[in-house]
Amino acid sequence: MTSARKNSEISINTEVFGALELIKNKIVSDYDSLMDDEQIKEVSEKGYFNGEPMPYSFGFAPFGELNQNIASKLTPGQKVNLSLDGKIVGHINVAKVFKFDESMRAKNIFLANEASNDKELNLGKYGISGEFELYDESMQISKNALNDLIKEDGAKKITAVFLTADPFNRAHERLVRMTIDKADLVIIFLIRTREEKHVDYEIRKQVLDYFIQNYLPTKKVFVFALKNTTLFSSHANPTLECIAASRFGANKLVIGQNHSGIGMFFDHNEAHTILDIYKNDLNLEIIVLPELVYCNKCKTLVSTKSCPHGQHHQIKYHPDVIKELLFNGIMPPAILVRPEISALVLSKLFTNRFKDVQKLCDDLFVNSGLLENKTDRDFYEELMKLYQTSSMT
């Protein structure tokens, strides 16, 4: 193999790498190459490509003076490396170099977050088309594991859910359980968030894995990580959610009524969304769930449609409020977040918080008489149990 350093290099950021991951692993289309100007035009004009619905073209025009200087001099058949943070992460086998048509930018996958970011994103003047390779195979490994699970269990009814789980709360729990009841398999796409103040992605992944392993039938749920792209963040691109769900064999997609991108409207007293066009194209049923709240009169978690009591009796699952508690080291009430999950998150947010957590646990909590090594996470879990003791409250 030719040394990577002998080839030209195009520098990319994590967001571009994430979009390339989706294309290469056929998450958003069966087409897995970078498009030329004619293909981009076809997608922009028709919204379809090779018989597939395709809301965004795969037009790659790397931004930056150095990138553009390299791109402008590339020739068909040449190999150009892709560099992320100084590391070679892949390469493009150049098929064509062309001038990127700015009028096509609104329907380009690398610019799909432009409107939701409320700022202009950048592409260069010269585009590069051709097949490409990425050297990180983690997404392909996850995809293979999911496909193996589907085949092994013969799953026919597959439901997809896109979650930031930032943070994972009781409403998320109820949503997942509701989908499991009517599915052979639930795919949870764990997505990045653009929120400045957020729980780290890896912590959220650990929380989901913990919840599934301890409270759900494990072979009925699969977490698929989408950690390198914000294309699904804030549900800004619901059309991509539909396509990705369908690509994995899902016949249902569950979304909340507060989903920011669906544009719900009513016609003849029936709910419709901008996603209706995909129902037939992808053979995908889109389920819009009502908002879930905790009602202090019902004494349980309910939907706003099924609860007869007013908003003054309902506690909403505001992510920012729950995060405010967690980031200040306070365990959220158990009606909002499962105590074991709060303990896990706090132990990650505040590592080595206590000078001597073992002595603190020994002095504060009852024990079995056996010598037990305690962690910060153990402390939070035991502390919540004391908070829930009711005989003296």
Which heavy atom of [X] sits nearest a heavy atom of [Y], and at what distance?
X: Ser8; Y: Val80; result: O-CG2, 3.4 Å
X: Lys220; Y: Ala183; result: NZ-O, 3.0 Å
X: Tyr135; Y: His91; result: OH-ND1, 2.6 Å
X: Leu364; Y: Phe379; result: CD2-CE1, 4.1 Å
X: Thr164; Y: Leu190; result: O-CD1, 3.6 Å
X: Pro333; Y: Leu325; result: CD-CD1, 4.1 Å

With heavy-atom distances below 4.5 Å as the criterion, would you say the side chains of [X] and [Y] are in contact?
X: Lys157; Y: Lys182; answer: no
X: Val345; Y: Phe168; answer: no
X: Val357; Y: Thr375; answer: no
X: Val161; Y: Leu175; answer: yes
X: Thr159; Y: Leu253; answer: no
X: His172; Y: Phe211; answer: no

Hey, are [X] and [Y] close enough for a salt bridge, meaning a charged N less than 4.0 Å from a carboxylate O?
X: Lys205; Y: Glu202; value: no
X: Lys96; Y: Asp37; value: yes
X: Lys197; Y: Glu324; value: yes
X: Lys385; Y: Glu381; value: no

Return the set of residues passing side-chain contact (heavy atoms from CB on, under 4.5 Å) with [X] (not counting sequence neighbours), or none when no residue passes.
X: Ala334; answer: Arg170, Pro339, Gln388
X: Asn214; answer: Tyr210
X: Phe350; answer: Leu346, Arg353, Tyr380
X: Lys374; answer: Gln358, Cys361, Glu372, Asp378

Side chain to side chain contact (heavy atoms under 4.5 Å, CB included) between Met35 and Ser129, worked out: CA-CA 5 Å; Met35 295 179 170; Ser129 70; 5.7 Å; no
For residues 17-28, please give each side-chain donor-acceptor pair under 3.5 Å, one per line with the distance, not counting sequence neighbours.
from	atom 1	to	atom 2	distance (Å)
Glu21	OE1	Asn228	ND2	3.0
Lys24	NZ	Phe132	O	2.9
Asn25	OD1	Gln140	N	3.4
Asn25	ND2	Glu21	O	2.9

Under the rule for side-chain hydrogen bond (donor to acceptor under 3.5 Å, both in side chains), what residues qualify as partners of [X], not counting sequence neighbours?
X: Ser303; value: Ser306
X: Lys323; value: Asp166
X: Asn296; value: His313
X: Asn108; value: none

Roughly how far, to the nearest 0.5 Å, is the [atom2] atom of [Y] from the [atom1] atom of [X]?
X: Asn13; Y: Asp85; atom1: CG; atom2: CG; result: 9.0 Å
X: Lys227; Y: Asp200; atom1: NZ; atom2: CG; result: 10.0 Å
X: Phe248; Y: Ile158; atom1: CZ; atom2: CD1; result: 10.5 Å
X: Met331; Y: Ile341; atom1: CE; atom2: CD1; result: 10.5 Å
X: Leu163; Y: Thr193; atom1: CG; atom2: OG1; result: 12.0 Å
X: His198; Y: Ile203; atom1: NE2; atom2: CD1; result: 9.0 Å

Partner of Ile191 under side-chain contact (heavy atoms from CB on, under 4.5 Å), picked from Leu226, Leu231, Thr230, is Leu226
Evaluation steps, side chain to side chain contact (heavy atoms under 4.5 Å, CB included), between Ile255 and Ile287: CA-CA 6 Å; Ile255 59 179; Ile287 308 296; over 6 Å; no
Carefully, step by step, assess Val199 and Phe327 under the rule side chain to side chain contact (heavy atoms under 4.5 Å, CB included). CA-CA 9 Å; Val199 177; Phe327 287 135; 4.2 Å; yes
By the rule that ILVMFWY residues connect when side-chain heavy atoms come within less than 4.5 angstrom, directly or transitively, which residues belong alongside Val302? Val293
Determine whether the side chains of Glu131 and Ser33 contain a donor N or O and an acceptor N or O closer than 3.5 Å. no
Using distance only, find each side-chain donor-acceptor pair of residues 56-77 under 3.5 Å and give its atom names and separation, not counting sequence neighbours.
from	atom 1	to	atom 2	distance (Å)
Tyr56	OH	Asn237	OD1	2.7
Ser57	OG	Lys107	O	3.2
Asn67	OD1	Ser11	N	2.9
Asn67	ND2	Ser11	O	2.9
Asn67	ND2	Phe63	O	2.8
Gln68	OE1	Lys125	N	2.9
Gln68	OE1	Tyr126	N	2.6
Gln68	NE2	Pro62	O	2.7
Gln68	NE2	Tyr126	O	3.2
Asn69	OD1	Lys73	NZ	3.4
Ser72	OG	Gln68	O	3.2
Ser72	OG	Asn69	O	2.9
Thr75	OG1	Gln78	OE1	3.4

Indicate yes or no for a side-chain donor-acceptor contact from Arg192 to the backbone of Ser233 under 3.5 Å, with no hydrogens or angles considered. no
What residues form a salt bridge (Lys or Arg N to Asp or Glu O under 4.0 Å) with Lys219, not counting sequence neighbours? Glu152
Side chain to side chain contact (heavy atoms under 4.5 Å, CB included) for Ile335 and Ile315? Distances and angles first, verdict last. CA-CA 9 Å; Ile335 63 168; Ile315 298 174; 3.8 Å; yes
Indicate, with yes or no, if the rings of Tyr31 and Phe49 have centres closer together than 6.0 Å. yes
Kindly check if the number of other-residue, nucleotide or ligand heavy atoms within 6.0 Å of NZ (Lys143) is above 12? yes
When Tyr215 is tested against each of Glu340, Arg177, Glu173 for side chain to side chain donor-acceptor pair (under 3.5 Å), which residue passes? Glu340
Identify which one of Asp356, Asp362, Asp363 satisfies the side chain to side chain donor-acceptor pair (under 3.5 Å) criterion when paired with Lys359. Asp363
